[in-house]
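Since the structure comes first, as structure tokens, the remarks are kept for the end.
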Amino acid sequence: MPHSSVEQIQLDELLCWRVRYGSNTLLISQQGAQVLSYIEGERPLIWLSDLASFKRGQPVRGGIPICWPWFANLGQNPPSVQAMHLQLDSAPAHGFVRGVDWQLQGIQTKDDGIHLDFTFDIRLNPQPDWPHDALLQLHLHLNERLHIALTTCNRGDTNLTYSQALHSYFAVSDIRNVQIDGLQGSPYLDCLDGWKRQVQDGLQHFSGETDRVYLETADRLTIVDEAWQRRIHLHSSGSRSAVVWNPWISKSQRLSQFAHEAWQNMLCIEHANAADDCKTLSSGEQHILKACIWSE
Ligand code: TA6
């Protein structure tokens, strides 16, 4: 097995772990159980903003924030997701688990790589406006690839309906010169045009702000980056929706922790259960959203 190590570090206000496996380096914070960055060899695969700040209660710009128990603004979700919340207008974007500490359950070095387990237990973090009994488990497994599994367990007596996303920021050479392979023919909701339903025609290129929820998605997507001679492979299970986002020029200037030119070097592709793909769990049921990320 290649050389591997795990060290606990402090980044400003956040407790983090730096995990190494061979030439791969993963940085995770206890807050949000958020992957902050992932570097393969010399080059970032998961992007972290140059202006990222590591403050308590504030999601870090970049990495893989976990959006749960709703994706985007609650009011943009299906009525069944909205109905789980008691104060629609006070609900934070992307849910309430990004900015709070999760519990580290364990770190194990095995023959197949390094495994980290975190939980978010609603019983330890009660949400008066979202009064449901659920347990979130995040399993991170690092070897030649980064494997992520987010499990939602419904411990309540009634149905639990939620949406979610692994809000992954990928590093690219120049958004104007990359494309996504695998979305051809998929329907999508255009979040910049009233969430109107469209259909993807051919490979996805970028020439402006893009914010889309793709539906009926394939379980394999690829970011083709000719300039860096790199293909980033994204395999998933438990998801039939994927969010594609680049803020482009003007929105970049309204984003926190985001340099004005940073839009050129990042691309979000987020494995999700969003819109029509939201999930309903009966009492005692669980669902696992999985993603596997690597480049070659
Ligand atoms: O995933 C795309 C999106 O919903 C965009 O509309 C934009 O708001 C982005 O998420 C970033 O959201 P955040 O709350 O992390 O700034």
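Please read all numbers here as calculations on a predicted model, not as lab measurements.
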[X] with [Y], same ILVMFWY side-chain cluster at under 4.5 Å:
{"X": "Ile66", "Y": "Leu15", "result": "yes"}
{"X": "Leu138", "Y": "Ile46", "result": "yes"}
{"X": "Leu48", "Y": "Val35", "result": "no"}
{"X": "Leu140", "Y": "Leu234", "result": "yes"}
{"X": "Met266", "Y": "Leu192", "result": "no"}

Within the 4.5 Å heavy-atom criterion, are [X] and [Y] side-chain neighbours or not?
{"X": "Pro69", "Y": "Trp130", "value": "yes"}
{"X": "Gln257", "Y": "Gln58", "value": "yes"}
{"X": "Asp277", "Y": "Lys279", "value": "yes"}
{"X": "Phe96", "Y": "Asp129", "value": "no"}
{"X": "Pro78", "Y": "Trp70", "value": "no"}
{"X": "Asn125", "Y": "Gln127", "value": "yes"}
{"X": "Tyr162", "Y": "His132", "value": "no"}
{"X": "Val213", "Y": "Leu215", "value": "yes"}

Are more than 12 heavy atoms from other residues, nucleotides or ligands located less than 6.0 Å from atom [atom1] of [X]?
{"X": "Asp190", "atom1": "CG", "value": "yes"}
{"X": "Arg176", "atom1": "CZ", "value": "yes"}
{"X": "Gln10", "atom1": "CD", "value": "yes"}

I need the [X] [atom1] to [Y] [atom2] distance, nearest 0.5 Å.
{"X": "Ser168", "Y": "Leu267", "atom1": "OG", "atom2": "CG", "value": "10.5 Å"}
{"X": "Leu26", "Y": "Arg20", "atom1": "CG", "atom2": "CZ", "value": "11.0 Å"}
{"X": "Leu150", "Y": "His139", "atom1": "CG", "atom2": "NE2", "value": "12.5 Å"}
{"X": "Ile180", "Y": "Ile232", "atom1": "CD1", "atom2": "CD1", "value": "10.5 Å"}

The criterion is ring pair (Phe, Tyr, Trp, His ring centres under 6.0 Å); which residues satisfy it with [X], sequence neighbours excluded?
{"X": "Trp17", "value": "Phe118"}
{"X": "His94", "value": "Phe71, His167"}
{"X": "Phe258", "value": "Trp47"}

Donor-acceptor pair, distance only, cut-off 3.5 Å: does the side chain of [X] make one with the backbone of [Y]?
{"X": "Asn73", "Y": "Gly75", "value": "no"}
{"X": "Gln31", "Y": "Gly57", "value": "yes"}
{"X": "Ser29", "Y": "Cys16", "value": "no"}
{"X": "Gln164", "Y": "Trp68", "value": "no"}
{"X": "Thr210", "Y": "Asn246", "value": "no"}
{"X": "Asp211", "Y": "Pro247", "value": "no"}
{"X": "Gln82", "Y": "Asn77", "value": "yes"}
{"X": "Ser49", "Y": "Leu51", "value": "yes"}
{"X": "Ser80", "Y": "Thr161", "value": "no"}

May I ask you to say whether [X] pairs ionically with [Y], meaning some side-chain N is under 4.0 Å from a carboxylate O?
{"X": "Asp225", "Y": "Arg43", "result": "no"}
{"X": "Asp112", "Y": "Lys110", "result": "no"}
{"X": "Lys290", "Y": "Asp219", "result": "no"}
{"X": "Arg230", "Y": "Glu42", "result": "no"}

- Query: Any idea which heavy atoms bring Leu160 and Ala134 closest together, and the distance?
  - Reply: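 Nearest heavy atoms, Leu160 then Ala134: CD2-CB, 3.9 Å.
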- Task: Quick one: closest heavy-atom pair of Ser4 and Met1, and the distance?
- Result: OG-CE, 3.1 Å
Polar side chain donor-acceptor pair, [X] to [Y], under 3.5 angstrom:
{"X": "Arg18", "Y": "Thr25", "result": "no"}
{"X": "Arg98", "Y": "Gln34", "result": "no"}
{"X": "Gln253", "Y": "His260", "result": "no"}
{"X": "Asn159", "Y": "Thr280", "result": "no"}
{"X": "Gln198", "Y": "Arg212", "result": "no"}

- Message: Please list all pairs meeting ring pair (Phe, Tyr, Trp, His ring centres under 6.0 Å) that have one or both residues in residues 261-294, counting only residues at least two apart or in different chains.
- Response: His233-Trp294, His235-Trp294, Trp248-Trp263
- Query: Looking at residues at least two apart in the chain, or sitting in another chain, which of them share a side chain to side chain donor-acceptor pair (under 3.5 Å) with Ser295?
  - Reply: Glu40
- Message: Let's go through Asn177 and Glu226 carefully: what are the C-alpha distance in whole Å and the side-chain angles of both, what is the deciding distance for side-chain contact (heavy atoms from CB on, under 4.5 Å) to 0.1 Å, and is it a yes or a no?
- Response: CA-CA 7 Å; Asn177 300 325; Glu226 299 290 346; over 6 Å; no
- Query: Stepwise, does the side-chain hydrogen bond (donor to acceptor under 3.5 Å, both in side chains) test hold for Gln286 with Thr151?
  - Reply: CA-CA 7 Å; Gln286 69 175 32; Thr151 303; 5.2 Å; no
- Anything under 30° is parallel, anything over 60° is perpendicular, the rest tilted; go ahead and classify Phe120 against Trp102.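 Because their plane-to-plane angle lies in the 30° to 60° range, the rings of Phe120 and Trp102 count as tilted.
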- Item | Other cluster members, Val224 - Ile/Leu/Val/Met/Phe/Trp/Tyr, side-chain contacts below 4.5 Å |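 Members other than Val224 - counting any ILVMFWY side chain reachable under 4.5 Å - there are none.
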